[in-house]
Amino acid sequence: MKNKHRIDLYKKSQQSINSTRSPHDIVRFLMENLLNSMKNVLVYSENIESDDLKDFSKKELAIVKSKNASKALTIIYSLQISLDFDKTPEIAKNLFQIYEFCRVQIIEALLKKTISGLNKAIFALEDILDGWKEIKPESL
């Protein structure tokens with residue numbers, strides 16, 4: 001019973017933290033997590049193909065890879081639906097296309113086991129995130 005109470009308190013504190021974040025901070029947080037998940041998909045994809053698995057089986061790596069891919073796809077969806085096509089249509093369109101490219105590359109890494117496009121997607125997102133970090137929230 002004590003653990004449930006602690007978990008509930010933690011959830012409330014997380015909700016409180018999220019409610020005080022600016023939209024700029026939330027997008028940056030999502031993009032950072034997206035990149036992290038995509039990099040994990042890449043690493044696990046490379047390790048699954050390796051014969052030197054050390055302490056993990058291919059099945060365990062595939063599960064972790066799938067969980068990271070699922071997280072990345074969920075974040076991409078969140079970023080896509082948050083775009084404001086009315087306020088900044090050209091920027092929104094370009095970002096949507098980049099997010100869509102990332103989505104396709106994640107799926108291809110899962111299904112076709114091709115990772116070259118995933119590398120390109122990660123590189124593109126790193127550039128966007130670097131630019132996003134340069135923007136001051138009050139200028140939005």
Side-chain angles (χ1 to χ4, degrees):
M1 201 60 155
K2 283 183 180 181
N3 286 339
K4 182 177 179 349
H5 178 69
R6 289 181 184 144
I7 291 170
D8 289 340
L9 287 174
Y10 173 77
K11 286 179 180 177
K12 286 179 184 176
S13 71
Q14 285 302 105
Q15 289 171 349
S16 175
I17 289 169
N18 287 337
S19 68
T20 61
R21 287 185 176 159
S22 72
H24 180 269
D25 289 337
I26 293 170
V27 170
R28 189 183 73 232
F29 173 79
L30 287 172
M31 289 190 73
E32 288 170 346
N33 280 278
L34 173 57
L35 269 169
N36 187 42
S37 294
M38 288 176 67
K39 287 176 182 179
N40 285 338
V41 170
L42 180 65
V43 167
Y44 292 120
S45 294
E46 292 170 341
N47 287 334
I48 287 172
E49 299 305 315
S50 169
D51 291 330
D52 183 30
L53 291 177
K54 300 190 181 180
D55 297 332
F56 298 101
S57 70
K58 288 188 179 202
K59 183 178 180 181
E60 290 170 322
L61 289 176
I63 290 169
V64 176
K65 175 182 162 182
S66 293
K67 286 182 180 181
N68 277 278
S70 178
K71 181 178 178 180
L73 293 170
T74 301
I75 293 170
I76 287 171
Y77 177 73
S78 298
L79 289 167
Q80 285 179 319
I81 65 170
S82 71
L83 294 169
D84 189 345
F85 286 90
D86 294 328
K87 187 175 179 183
T88 55
E90 190 163 333
I91 293 171
K93 178 184 170 198
N94 290 338
L95 285 172
F96 187 91
Q97 289 173 339
I98 292 168
Y99 297 147
E100 190 63 17
F101 174 74
C102 293
R103 187 185 70 78
V104 168
Q105 298 315 310
I106 292 166
I107 292 169
E108 290 204 0
L110 286 172
L111 300 178
K112 296 180 182 175
K113 298 182 174 120
T114 56
I115 58 173
S116 61
L118 192 56
N119 277 318
K120 292 176 187 174
I122 289 169
F123 183 74
L125 278 177
E126 286 174 335
D127 278 350
I128 293 169
L129 182 58
D130 287 343
W132 192 256
K133 288 177 180 178
E134 298 284 322
I135 298 172
K136 292 183 176 37
E138 59 274 1
S139 67
L140 295 176

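Quick note: residue numbers are just sequence positions, from 1.
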State the [atom1]-[atom2] distance between [X] and [Y], to the nearest 0.5 angstrom.
{"X": "L110", "Y": "L73", "atom1": "CG", "atom2": "CG", "answer": "7.0 Å"}
{"X": "I76", "Y": "L34", "atom1": "CD1", "atom2": "CG", "answer": "5.0 Å"}
{"X": "L42", "Y": "L35", "atom1": "CG", "atom2": "CG", "answer": "11.5 Å"}

To check you understand the geometry: which heavy-atom pair defines the closest contact between H24 and I135, and what is its length?
NE2-O, 3.2 Å
Other than Y77, which residues form its hydrophobic cluster under the rule that side-chain heavy atoms must be closer than 4.5 Å?
I81
For E126, the side chain to side chain donor-acceptor pair (under 3.5 Å) test, sequence neighbours excluded, returns K39
For [X], all residues meeting side-chain contact (heavy atoms from CB on, under 4.5 Å), sequence neighbours excluded:
{"X": "N33", "value": "F29, K71, I75"}
{"X": "N68", "value": "S37, N40, V41, Y44, V64"}
{"X": "N94", "value": "E90, Q97"}

Look only at the side chain of S66 and the backbone of A62, and say whether a donor-acceptor pair between them is shorter than 3.5 Å.
yes
For residues 99-109, dump all side-chain donor-acceptor pairs below 3.5 Å to protein atoms at least two apart in sequence or in another chain.
residue : atom : partner : partner atom : Å
E100    : OE1  : Q80     : NE2          : 3.1
E100    : OE1  : R103    : NE           : 3.2
E100    : OE2  : R103    : NE           : 2.9
E100    : OE2  : R103    : NH2          : 2.4

Does either side chain, that of S45 or that of K65, offer a donor lying less than 3.5 Å from an acceptor on the other one?
yes
D130 with K133: basic N within carboxylate O range, under 4.0 Å
no
